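One structure is given here, and the rest of the page talks about it.
Note that this is a predicted model, so its numbers are computed, not measured. Whatever order the structure lists ligands and atoms in, that order sets their numbers, starting from 1. Numbers here are sequence positions counted from 1.
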Amino acid sequence: MSVDPNPTHQREIAQLGDPILRQKAHAIDEWRDPQLQVLINDLLNTVKQANGVGIAAPQVSESLQLFIVASRPTLRYPYAPVMEPTPMLNPRILSSSQATVKDWEGCLSVSDQRGLVPRHQKIQVEYCDRHGQLQTAELTDFVARIFQHEYDHLQGIVFVDRVEDPQDLISEAEYQKLITEKVKSSADS
Ligand code: NI
């Protein structure tokens, strides 16, 4: 028996500047490859350990059209809905609402930065689940935002590219001040 080279099933997360984050990811066509299931498990584990709500395969240096959407409330996103972490393979956006919403985003590949990013409020999507079965879904609000953020990673786009006003890109420390003020003002009113 060989020794598992990756006993924790966590992968190193590529950081902004790594060329892998700027490449277009390849479509998955080798559904029977056991390494694909290992990668999916590693992504599920890595996003959980990193306290993220999503992660895309290029972020662990695998140029494949695969990401995890794992919305749940965290310190950064206290009002996020809870869902079962869902692997999405060869995802597509079928249609999107004209309405867009701006909200704060961060990224496991961009440390210490937060940005206000406009996203479609509602999207119709399709993707294959980890067994290769085609799924369709209508996603709204925060989950739609995660999907669009991760889908961008497959095109080589990072959220900072979508920040429209330079003032909308801020440090984690400034972001923490902002949300603390927000909590305070809503408690006051
Ligand atoms: Ni990201």
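Between the side chains of Q65 and H26, no donor-acceptor pair of N or O atoms lies under 3.5 Å. There is a side-chain donor-acceptor pair under 3.5 Å between Q121 and D141. Residues D129 and Q135 bring a donor and an acceptor atom of their side chains to less than 3.5 Å of each other.
Classification of D161 and R22 as a salt-bridged pair holds, one side-chain N sitting under 4.0 Å from a carboxylate O. Between R162 and D152 there is a salt bridge, since at least one side-chain N of the basic residue sits less than 4.0 Å from a carboxylate O of the acidic one. With salt bridges taken as basic N to acidic carboxylate O contacts below 4.0 Å, none links R114 and E174.
Closer than 2.8 Å to the Ni ion (ligand 1) sit the protein N, O or S atoms C107 SG, H149 NE2, H153 NE2.
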